Participant: 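Shown below is the structure under consideration.
Here is how names work: the chains are called A, B, and so on, in the same order as the sequence lines, proteins then strands, and each is numbered from 1. Computed from a predicted model, the values in this text were never measured in an experiment.
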Amino acid sequence: AQSVTQLGSHVSVSEGALVLLRCNYSSSVPPYLFWYVQYPNQGLQLLLKYTTGATLVKGINGFEAEFKKSETSFHLTKPSAHMSDAAEYFCAVSDKDDYKLSFGAGTTVTVRA
Amino acid sequence: DAGVTQSPTHLIKTRGQQVTLRCSPKSGHDTVSWYQQALGQGPQFIFQYYEEEERQRGNFPDRFSGHQFPNYSSELNVNALLLGDSALYLCASSSYRGYTEAFFGQGTRLTVV
């Protein structure tokens with residue numbers, strides 16, 4: 001069974017500061033990994049994904065994440081936070097032949113002016 | 001491309017009633033998955049439909065049932081509603097062949113009173 005742990009339920013950063021959201025997973029096989037963002041009262045929007053190949057993946061809105069198999073991690077970063085980055089962020093994992101996503105509990109990001 | 005569309009966006013039901021939620025997948029997608037997102041939590045997988053059959057199911061009681069139509073659209077039915085069924089219900093679509101990611105709809109907010 002797969003599981004996802006997101007360290008820190010709330011993260012507060014200053015505008016222009018680094019955003020770092022941590023995600024660790026457990027999986028018996030090499031997984032597919034995803035980061036989704038959710039704005040209030042909306043669905044989930046895919047930020048980026050790792051399926052195969054390069055372990056550093058770039059997504060939308062300046063976000064990127066690195067798959068580290070040895071650490072079973074897939075942390076999300078953005079060099080400079082913008083007010084519009086305030087939202088809920090979810091890390092998710094699925095097996096390559098399994099379309100079921102297992103989500104972490106989410107991290108709420110607030111951005112201070 | 002309209003993306004994944006869900007209806008209705010909001011609804012209020014009374015305990016014991018039955019509810020049907022609807023989802024139209026993204027153009028070109030043939031697989032639909034349903035998720036329940038309780039307030040302040042990550043989405044939880046309910047079940048998945050492909051070729052009009054339930055392919056996978058999460059840890060949800062039989063009160064939760066679904067259907068997929070020949071045009072790939074799907075319904076989620078919940079019988080004998082409980083207060084704890086209040087949540088955001090998300091539909092996700094993907095392609096069964098060459099799966100790499102799921103696209104989510106905006107969700108249906110169900111409130112059980």
Participant: Taking side chain as C-beta onward, heavy atoms only, is A:Phe90 less than 4.5 Å from B:Gln37?
Facilitator: yes
Participant: Could you tell me whether the side chain of A:Phe34 reaches within less than 4.5 Å of the side chain of B:Glu101, counting heavy atoms only?
Facilitator: yes
Participant: Taking side chain as everything from C-beta outward and backbone as N, CA, C, O, which of these in B:Tyr96 sits under 4.5 Å from a heavy atom of chain A? Side chain, backbone, both or neither.
Facilitator: both
Participant: Just checking B:Arg63: does its CZ atom have more than 12 heavy atoms from other residues, nucleotides or ligands closer to it than 6.0 angstrom?
Facilitator: yes
Participant: Can you tell me how far the OH atom of B:Tyr35 sits from the NZ atom of A:Lys100, to the nearest 0.5 Å?
Facilitator: 8.5 Å
Participant: Pick whichever of A:Asn41, A:Leu101, A:Thr51, A:Thr52 has the most heavy-atom pairs under 4.5 Å with chain B.
Facilitator: A:Leu101
Participant: Could you give the distance from CD (A:Gln38) to CG (B:Leu88), rounded to the nearest 0.5 Å?
Facilitator: 6.5 Å
Participant: Take atom CZ of B:Arg55 as the centre, draw a 6.0 Å sphere, and report whether it contains more than 12 heavy atoms from other residues, nucleotides or ligands.
Facilitator: yes
Participant: Verify the cluster assignment for B:Tyr89 and B:Val4: are they in a single hydrophobic cluster under the rule of side-chain heavy atoms below 4.5 Å apart?
Facilitator: no
Participant: Relative to chain B, which segment of A:Glu88 carries a heavy atom at a distance below 4.5 Å: side chain, backbone, both, or neither?
Facilitator: neither
Participant: Under 4.5 Å, counting heavy-atom pairs only, tell me which of B:His10, B:Gln48, B:Gln41 racks up the most with chain A.
Facilitator: B:Gln48
Participant: Tell me whether the centres of the aromatic rings in B:Phe45 and A:Phe103 are closer together than 6.0 Å.
Facilitator: no
Participant: Which atoms of A:Ser9 are under 4.5 Å from chain B, going by heavy atoms: the side chain, the backbone, both sets, or neither?
Facilitator: neither
Participant: Less than 4.5 Å to any heavy atom of chain A: does that hold for the side chain of B:Gln106, its backbone, both, or neither?
Facilitator: both
Participant: Tell me, side chain or backbone of B:Ser95 under 4.5 Å from chain A's heavy atoms, or both, or neither?
Facilitator: backbone
Participant: Closest heavy-atom contact between B:Leu90 and A:Gly43?
Facilitator: CD2-CA, 4.0 Å
Participant: To the nearest 0.5 Å, what is the distance between CZ on B:Phe104 and CD on A:Gln42?
Facilitator: 14.5 Å
Participant: Answer with side chain, backbone, both or neither: which region of A:Lys49 has an atom nearer than 4.5 Å to a non-hydrogen atom of chain B?
Facilitator: side chain
